[in-house]
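Below is one structure, written out as structure tokens, with a few remarks after it.
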Amino acid sequence: MKIVVQKFGGTSVATSEGRAKAIERVIHAKGQGYSPVVVVSAMGRRGEPYATDTLIDLVKAIHSEIEPRELDLLISCGEIISTVVMATSLKSAGHPAVALTGGQAGICTDGNFGNAQIVEIDPAPIKKYLSQGKIVIVAGFQGVSQDGSTTTLGRGGSDTTATALGAALGAEVVEIYTDVDGVMTSDPRLVPDAAIMKDISYKEICEMAYQGAKVIHPRAVEAAMNGKVPIKIKNTFSDAEGTLIAENVAERVITGLAHLTNISQIKVGPLAGDAVQMAKVRVLKTMAEAKISIDMIGVAPNSIFFIINGDDTSKALEALMKAGYSSNVETGCAKLSVIGAGMEGVPGVMADVMESLDQAGVTVLQTSDSDITISFLIKEADLTKAIQILYRSFNLGAQ
Ligand code: ADP
Ligand code: MG
């Protein structure tokens with residue numbers, strides 16, 4: 001049995017036009033001899049009747065507090081509705097189909113409501129339906145915990161449902177359908193003519209996704225990589241070839257750019273006295289106790305600095321103040337990352353980026369680097385300019 005997993009995101013299933021295109025793609029795969037397993041997201045965004053955020057608003061209008069377990073049960077409904085709509089459409093077009101919740105599809109998770117991790121997938125239920133010649137439609141973004149509670153996997157979780165199913169079922173490929181022609185060398189909202197990549201390695205797309213490229217969820221890439229299943233990112237609405245995500249892809253020094261916005265930079269200091277080192281440790285522990293995740297940590301003789309999500313700013317400042325530290329904050333920052341598996345060991349990339357940013361008049365507040373990524377903290381107001389200048393200086397339009 002040749003299995004293909006096809007995932008249709010919220011952007012694809014929101015409209016009847018998108019759903020018709022999705023159905024066409026499923027029927028086409030079946031015609032090519034594949035057994036399709038289809039993963040769907042909820043239909044549309046906040047305001048539309050069955051969107052996840054609309055469901056949350058519905059209950060929050062009654063009571064502001066909702067238990068995580070009930071919240072998960074509620075927000076799992078959007079995807080379930082989509083499965084029934086898709087299965088019914090397929091059946092009416094003459095193709096036997098069955099709609100399954102994540103739990104019915106054998107997806108077992110831990111009990112971490114709102115951000116559950118898949119621990120195991122039993123392939124038997126899906127395989128049973130496939131062997132009966134049915135197209136299986138699975139609700140994305142959800143599973144069931146050991147005690148039988150419905151759990152959800154967090155934003156972007158349907159991508160993970162698709163790749164984890166692909167790995168568990170031994171699929172030939174996982175196709176992620178969305179509203180763009182593939183993975184682009186930078187965010188198309190900031191570089192409207194961004195080039196589409198023919199292929200990209202798991203490692204690079206995973207890093208791009210962690211650094212803010214929303215086109216696929218990083219956890220989904222990890223699941224595919226562990227299961228050695230290739231991913232294809234394709235456009236529901238066009239016949240573009242799309243982007244192949246696989247293991248052996250030629251390395252480029254710079255593959256692409258990604259960014260995160262709404263970031264605050266916190267600087268704690270001046271720290272003085274014999275116990276400076278201990279004070280830095282206590283600052284880090286203070287953030288950990290407040291459950292604030294920090295990044296781009298830098299240490300100077302008399303200070304320590306790092307970045308946090310902007311939403312955590314007041315919580316962080318309060319915790320530091322309570323612990324007796326004075327700090328400065330720079331809100332409205334963005335983290336711009338340059339990613340490329342071929343930059344490892346290539347000297348001068350950091351200098352080249354700094355030079356381009358300097359010529360464009362962009363002030364760099366802080367930098368950090370890892371093996372395949374260098375990141376720059378800049379003001380959010382400079383982001384579009386910075387991305388466009390790097391896109392040009394590194395010739396990212398030529399793929
Ligand atoms: P879906 O509902 O299909 O999951 P998403 O909105 O989650 O769709 O992801 C697709 C979006 O990701 C695109 O519309 C695009 O604006 C955005 N995006 C950000 N960075 C990139 C990139 N490097 N390549 C392609 N798309 C990107
Ligand atoms: Mg998505």
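Just so you know, ligand 1 is whichever comes first in the structure, and atom 1 is the first atom listed for that ligand.
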### Task
Would you mind listing which atoms of ligand 1 come within a distance below 4.0 Å of any non-hydrogen atom of G9?
1 (P), 2 (O), 3 (O)
### Query
Is ligand 1 less than 4.0 angstrom away from at least one heavy atom of G182?
yes
### Query
Got more than 12 heavy atoms from elsewhere within 6.0 Å of OH, Y50?
no
### Query
Using 4.0 Å as the upper bound for N to carboxylate O, is an ion pair formed by K232 and D199?
no
### Task
Run the numbers for me: atoms of ligand 1, each under 4.0 Å from some heavy atom of V183, listed by number.
24 (N)
### Summary
Any heavy atom of V215 under 4.0 Å from ligand 1? The part involved is both
### Query
With a 4.0 Å heavy-atom cut-off (strictly under), which part of R155 contacts ligand 1: side chain, backbone, both or neither?
neither
### Query
Is there a nitrogen or oxygen of A213 sitting under 3.5 Å from a nitrogen or oxygen of ligand 1?
no
### Query
Looking at ligand 1, does any of its N/O atoms fall within less than 3.5 Å of an N/O of T178?
yes
### Pairing of E330 and K379 as salt bridge, 4.0 angstrom limit
yes
### Query
What atoms of ligand 1 come within less than 4.0 Å of a heavy atom belonging to K7?
4 (O)
#### Entry: Exam field: side chain Q6 to backbone Y177, donor-acceptor pair closer than 3.5 Å
no
### Task
Considering heavy atoms of the protein only, find what lies nearest to atom 1 (P) of ligand 1 and give residue, atom and distance to 0.1 Å.
T11 OG1, 3.5 Å
### Task
Give a yes/no verdict on whether any heavy atom in H217 is under 4.0 Å from an atom of ligand 1.
no
### Query
In terms of residue, atom name and distance, what is the protein heavy atom nearest to atom 23 (N) of ligand 1?
M184 O, 2.9 Å
### Message
Other residues, nucleotides and ligands only: do more than 12 of their heavy atoms fall within 6.0 Å of CD on E70?
### Response
yes
### Atoms of ligand 1, numbered as shown, that sit under 4.0 Å from any heavy atom of D179
10 (C), 13 (C), 14 (O)
### Query
Near R45, which atoms of ligand 1 are under 4.0 Å from a heavy atom of that residue?
2 (O), 6 (O)
### Query
Looking only at heavy atoms of P188, does any of them come nearer than 4.0 Å to an atom of ligand 1?
yes
### Query
Can you name the side chain to side chain donor-acceptor pair (under 3.5 Å) partners of T236, sequence neighbours left out?
S12
### Query
Mind checking whether K214 has an N or O less than 3.5 Å away from an N or O of ligand 1?
yes
